[in-house]
Amino acid sequence: MTTIEEIIRRIRDEMDVELRERARRALAERPRDWLVDQLLDRVLPPSDLPPPRPPADAAERRETRAERIERVERIERVERIRGWGLDAQSLAGFVGRYRRLSRERLEAEGLLVDPPPKGSELIGPAHRSAGAEELLREAKDLLYALLFADEEAGVHLDRVERALLTVTVPRAKAHPIGFLPRTAVAPEDGERAPHAAPDTLLQVEYGEIPEELVGNGIAACLRLINNLEINEPVLYARMEHVGSGALE
């Protein structure tokens with residue numbers, strides 16, 4: 001026996017078919033542009049549209065992309081640093097290991113492969129093994145941690161004194177440690193060849209601990225980065241006491 005529900009369902013199906021046909025005929029009479037606008041309003045409401053951006057020239061767009069890449073790299077670096085749980089004991093381990101990695105040892109162990117002579121061009125990835133690439137990234141991460149990272153980034157160092165780091169590096173070779181603030185172009189002091197490119201001064205204040213391990217760690221990092229990438233005969237760095245108390 002037919003139930004009430006089945007009767008209602010059949011009537012609704014018949015009405016749905018009729019409604020679709022009537023709606024199709026009515027919409028077919030509408031202009032095409034109007035139909036497109038109606039469809040867009042339903043699948044992409046105005047509130048979902050991104051806000052209009054002011055016009056920018058090509059240089060600004062490139063800068064925006066560079067800033068985005070830098071921000072992502074900084075986030076990834078801090079995450080790697082946080083995984084260390086860096087303290088005075090582990091820092092001493094880094095310093096001891098880095099001090100043993102001379103240019104000669106890096107080449108002897110196959111970490112550097114036929115690198116260009118010191119004082120010439122930067123050492124590129126083609127002259128570094130996979131292990132050297134990892135070591136270089138680690139040294140840069142550690143340098144960043146010693147200069148900028150705090151407890152929130154997993155760096156547990158009792159910083160009680162303020163010190164100032166100044167690094168002098170050829171302008172064309174400054175970007176491997178580009179996260180250091182650039183202060184000025186150094187005047188020629190007679191130590192470089194007369195037609196050599198001017199140097200760049202990179203300068204930053206950091207916090208030192210009683211054992212002065214931070215300064216030792218910074219020196220070890222810079223020496224290793226120089227041996228693996230910057231490739232200067234000597235990378236000039238000066239660390240000087242500024243005062244006691246917390247960093248501003």
Side-chain angles (χ1 to χ4, degrees), residues 59 62-63 65-67 69-71 73-74 77 94-95 98-99 101-107 111-128 132-133 135-149 161-208 212-243 247-248:
R62 286 196 298 272
E63 182 180 3
R65 288 195 295 271
E67 289 175 351
I69 292 172
E70 182 180 352
R71 175 174 55 82
E73 289 179 346
R74 184 167 58 251
R77 171 166 283 153
F94 277 113
V95 173
Y98 287 1
R99 282 177 172 172
L101 294 173
S102 64
R103 169 72 173 253
E104 293 73 22
R105 183 165 182 174
L106 291 170
E107 292 188 54
L111 293 166
L112 285 178
V113 182
D114 193 23
K118 276 202 167 189
S120 60
E121 68 269 21
L122 288 161
I123 299 175
H127 298 285
R128 291 191 294 267
E133 287 289 339
L135 185 61
L136 178 61
R137 187 181 73 173
E138 181 188 83
K140 291 180 180 181
D141 287 351
L142 182 58
L143 179 60
Y144 184 94
L146 296 176
L147 293 173
F148 304 113
E161 293 183 340
R162 291 179 296 146
L164 182 68
L165 168 68
T166 303
V167 181
T168 305
V169 62
R171 184 190 301 176
K173 294 184 172 184
H175 63 271
I177 48 175
F179 51 81
L180 273 67
R182 182 174 305 190
T183 58
V185 175
E188 293 185 8
D189 56 7
E191 293 186 10
R192 299 183 65 82
H195 302 293
D199 290 335
T200 294
L201 293 181
L202 305 173
Q203 198 169 67
V204 61
E205 192 173 299
Y206 66 93
E208 182 59 276
E212 296 189 354
L213 269 174
V214 173
N216 292 339
I218 290 171
C221 289
L222 289 172
R223 178 170 172 266
L224 184 55
I225 293 169
N226 184 49
N227 283 334
L228 287 172
E229 184 172 19
I230 296 177
N231 201 32
E232 282 294 281
V234 177
L235 187 61
Y236 293 97
R238 183 176 71 253
M239 286 163 278
E240 52 190 328
H241 177 75
V242 175
L247 292 174
E248 296 180 356

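Worth knowing before you read on, the calculation uses all heavy atoms, side chains too, and leaves out hydrogens, waters and symmetry mates. Fair warning: this is a prediction, and the values are worked out from it, not measured in the lab.
Judged purely by atom type and a 3.5 angstrom limit, His127 uses its side chain to pair as donor or acceptor with the backbone of Asp114.
Leu165 contributes atom CG, which lies 8.5 Å from atom CG of Leu202 (distance to the nearest 0.5 angstrom). Note that CG of Asn227 is 11.0 Å distant from CG of Leu222, once rounded to the nearest 0.5 Å. Atom CD1 of Ile230 is separated from atom NZ of Lys118 by 11.0 Å, given to the nearest 0.5 angstrom. Considering CG of Asn216 and CG of Leu146, their distance stands at 10.0 Å, rounded to 0.5 Å. Note that the CZ atom of Arg128 and the CG atom of Leu228 stand 7.0 Å from one another [nearest 0.5 Å]. Note that CG of Leu111 and CD of Glu107 are 10.5 Å apart. Values are rounded to the nearest 0.5 Å.
Exactly one residue among Glu208, Glu205, Glu240 makes a salt bridge (Lys or Arg N to Asp or Glu O under 4.0 Å) with Arg162. That residue is Glu205. For the pairing with Cys221, the side chain to side chain contact (heavy atoms under 4.5 Å, CB included) check across Ile177, Val95, Leu143 returns one residue only, Leu143.
The side chain to side chain contact (heavy atoms under 4.5 Å, CB included) test applied to Ala219 returns Met239, not counting sequence neighbours.
Using a cutoff of 4.0 Å between basic side-chain nitrogens and carboxylate oxygens, Lys173 and Glu232 are scored as salt-bridged.
Contact detail for Pro233 and Gly119: the closest heavy-atom pair is CD-CA, 3.4 Å. Phe148 approaches Val204 most closely through the heavy-atom pair CE2-CG2, 3.6 Å.
Screening residues 135-144 for side chain to side chain donor-acceptor pair (under 3.5 Å) gives Arg77-Asp141, Arg80-Asp141, Arg97-Glu138, Tyr98-Glu138, Glu134-Arg137, Lys140-Glu229 as the qualifying pairs, with residues at least two apart or on separate chains.
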Taking it one step at a time, do Asn231 and Arg103 satisfy side-chain hydrogen bond (donor to acceptor under 3.5 Å, both in side chains)? CA-CA 10 Å; Asn231 201 32; Arg103 169 72 173 253; 2.9 Å; yes
